[in-house]
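Working notes for the structure below.
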Number of protein chains: 2
Amino acid sequence: MQGETLLYLTDEQLRQGAEAMFFAYRGFTADPDRILASLSYGRAHHRALHFIHGAPGTTVNNLLTTLGVTKQSLNRVLRTLIGDGLVESRVGRVDKRERHLYLTPEGEALERELSEVQRARLRAAFRDAGPEAVAGFRRVLEAMMDPEMRRQYERLREGRG
Amino acid sequence: MQGETLLYLTDEQLRQGAEAMFFAYRGFTADPDRILASLSYGRAHHRALHFIHGAPGTTVNNLLTTLGVTKQSLNRVLRTLIGDGLVESRVGRVDKRERHLYLTPEGEALERELSEVQRARLRAAFRDAGPEAVAGFRRVLEAMMDPEMRRQYERLREGRG
DNA sequence: TTGGAATGTCAACAAGACTGACATAAAATC
DNA sequence: GATTTTATGTCAGTCTTGTTGACATTCCAA
């Protein structure tokens with residue numbers, strides 16, 4: 001057995017890292033998924049609610065580049081959310097081609113419910129692992145993103161200060 | 001602005017952690033996805049190859065609890081992999097109801113190709129972030145899993161020594 | 001030996017991703 | 001002013017991958 005500083009880049013360690021990502025992501029989505037299933041929504045609806053909440057007034061185009069899906073796919077989700085009164089779509093004032101998206105109070109309520117169960121799990125995990133582990137966690141995740149996604153991620157962070 | 005040790009559990013920090021998971025997971029799967037798409041396979045095929053590689057001779061039942069899908073869903077994926085000659089299914093010798101799953105040489109080759117691009121990204125991320133960050137990353141991910149998944153994850157690790 | 005439990009297969013269906021084609025309205029450009 | 005580009009929405013069709021239901025086979029225990 002070699003020392004930790006040499007060992008951490010072996011294929012076996014990398015394989016374990018991949019499996020950790022797989023299982024952790026399942027845990028990460030499990031709690032919101034349960035709520036969504038009871039409302040016959042899916043993860044796509046959650047993601048839309050999440051990013052509209054985080055960037056109110058965002059356009060459809062912004063949202064679909066953030067989510068990395070096609071407009072047809074996003075549109076189906078948005079149509080149900082708007083139809084169910086969770087999202088409001090307002091015609092742009094300066095550019096009337098654009099639709100600006102906002103959560104209604106009902107939309108905010110569901111977003112809060114979903115994000116709260118997800119935050120609860122993250123909070124517990126962060127508390128268990130400790131602050132230094134959390135810093136490392138963040139550093140590795142950021143290094144794992146595509147450069148384009150990292151830019152989006154940082155833009156979202158800056159947008160909220 | 002408060003100190004890091006207090007700040008790390010605020011809702012904003014947790015929200016950023018959630019977004020980091022979202023974007024990082026997309027990066028994590030992006031490279032294998034490209035190869036899979038060119039073969040008209042999906043992530044489900046990758047996962048099956050990965051876990052059969054890691055536990056040769058595993059049964060269908062084992063595999064579906066590991067993957068967290070229904071047997072019917074897994075069966076469709078296995079059927080194509082078996083039909084394409086990447087996986088071999090052998091009737092159990094002691095219990096003939098069971099099918100034991102193995103990768104053929106072709107299956108091993110594809111698994112290696114997929115896992116290699118994924119490992120390459122992880123390797124780069126781990127190198128960028130440094131060993132302490134990697135340890136923290138692993139600690140947080142493990143804390144994020146459901147207890148049941150964590151047991152499976154640890155069992156897989158032990159199985160490979 | 002008979003009936004239940006476990007294992008796996010096939011069929012049909014739904015969610016949600018995709019592409020391609022097309023329509024509309026507004027903005028930008030020539 | 002005419003044309004092109006941009007932003008969005010919609011329809012139709014396909015694919016992956018999840019679901020449930022029905023069923024066959026095998027094992028085991030009453």
Side-chain angles (χ1 to χ4, degrees), chain A residues 22 25-26 29-30 32-50 52 57-84 87-102, chain B residues 22 25-26 29-30 32-52 57-84 87-102 114:
Chain A
F22 172 69
Y25 199 77
R26 266 183 41 201
T29 56
D33 280 356
R34 265 189 290 274
I35 297 173
L36 290 160
S38 73
L39 301 169
S40 53
Y41 287 147
R43 265 181 221 175
H45 301 83
H46 184 188
R47 291 194 289 264
L49 291 174
H50 177 99
I52 296 172
T58 190
T59 65
V60 173
N61 233 346
N62 268 335
L63 194 55
L64 58 90
T65 61
T66 302
L67 296 175
V69 297
T70 60
K71 61 175 181 176
Q72 295 90 331
S73 186
L74 175 59
N75 188 256
R76 183 163 17 83
V77 170
L78 281 180
R79 200 161 34 190
T80 70
L81 290 175
I82 292 168
D84 293 351
V87 168
E88 191 191 353
S89 167
R90 298 186 204 152
V91 173
R93 281 191 303 176
V94 316
D95 187 335
K96 291 177 188 167
R97 292 173 304 181
E98 296 178 337
R99 300 298 137 89
H100 297 272
L101 302 170
Y102 300 87
Chain B
F22 172 69
Y25 199 78
R26 269 183 37 200
T29 56
D33 279 356
R34 265 188 291 275
I35 296 173
L36 291 160
S38 73
L39 300 169
S40 54
Y41 287 146
R43 267 182 220 173
H45 301 84
H46 184 189
R47 291 194 289 262
L49 291 174
H50 177 100
F51 287 108
I52 295 172
T58 189
T59 64
V60 173
N61 230 350
N62 270 335
L63 194 54
L64 60 90
T65 61
T66 303
L67 296 174
V69 298
T70 59
K71 60 182 179 174
Q72 295 89 335
S73 183
L74 174 61
N75 186 255
R76 183 159 13 82
V77 170
L78 283 179
R79 197 161 38 191
T80 71
L81 291 175
I82 292 168
D84 294 351
V87 168
E88 192 192 352
S89 166
R90 298 186 205 153
V91 173
R93 282 191 302 177
V94 317
D95 188 336
K96 291 178 187 165
R97 293 172 302 181
E98 296 178 338
R99 301 298 137 90
H100 296 272
L101 303 169
Y102 300 87
L114 292 169

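In what follows, every chain begins at residue 1, and chains take the letters A, B, ... in the order their sequences are listed.
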Whether B/Arg43 side chain and B/Leu36 backbone form a donor-acceptor pair below 3.5 Å: no

Interatomic distance where NZ belongs to A/Lys71 and C1' belongs to C/dG20 [whole Å]: 10 Å

B/Asn75 side chain near C/dG8 phosphate (N/O to OP1/OP2, under 4.0 Å): no

Reported OG1-to-NZ distance for the pair A/Thr65 and A/Lys71, which is rounded to 0.5 angstrom: 14.0 Å

Protein-nucleotide distance (A/Arg90, atom CZ; D/dT8, atom C1'), rounded to Å: 18 Å

Polar atom pairs between nucleotides 12-17 of chain D and protein, under 3.5 Å, N or O only, would you list them?
unit_1 : atom_1 : unit_2  : atom_2 : d
D/dT16 : OP1    : B/Ser40 : O      : 3.1
D/dT17 : OP1    : B/Arg43 : N      : 2.5
D/dT17 : OP1    : B/Ala44 : N      : 3.0
D/dT17 : OP2    : B/His45 : ND1    : 3.1

For A/Leu101, the option from A/Thr59, A/Asn62, A/Leu81, A/Leu78 that meets side-chain contact (heavy atoms from CB on, under 4.5 Å): A/Leu78

Side chain B/Arg90, main chain B/Gly57, donor-acceptor under 3.5 Å: no

Inter-residue atom distance B/Phe22.CZ - A/His50.NE2, 0.5 Å rounding: 8.5 Å

Spacing of A/Ile82 atom CD1 relative to D/dT8 atom P, expressed in whole Å: 12 Å

Touch class at under 4.0 angstrom, heavy-atom based, for B/Val91 against every strand present: nothing

Sugar-phosphate, base or nothing in reach of B/Gly68, heavy atoms under 4.0 Å: nothing

Parallel, tilted or perpendicular: rings of A/Tyr25 and B/Tyr25 (30°, 60°): parallel

Gap separating the CZ atom of B/Arg99 from the OG1 atom of B/Thr58, nearest 0.5 angstrom: 14.5 Å

B/Thr70 side chain near D/dG18 phosphate (N/O to OP1/OP2, under 4.0 Å): no

A/Glu98 CD to C/dA27 P, straight-line distance once rounded to whole Å: 9 Å

Rounded distance in Å - CZ (B/Arg93) to C1' (D/dC27): 18 Å

Length of the line joining B/Arg97:CZ and C/dG4:P, which is rounded to integer Å: 16 Å

Rounded distance (Å) that lies between atom P of C/dT9 and atom CG of B/Leu74: 9 Å

Atom-to-atom span, NE2 of A/His100 to C1' of C/dA26 - whole angstrom: 13 Å

Touch class at under 4.0 angstrom, heavy-atom based, for A/Lys96 against every strand present: sugar-phosphate

Distance below 4.0 Å between A/Asn61 side-chain N/O and D/dT6 OP1 or OP2: no

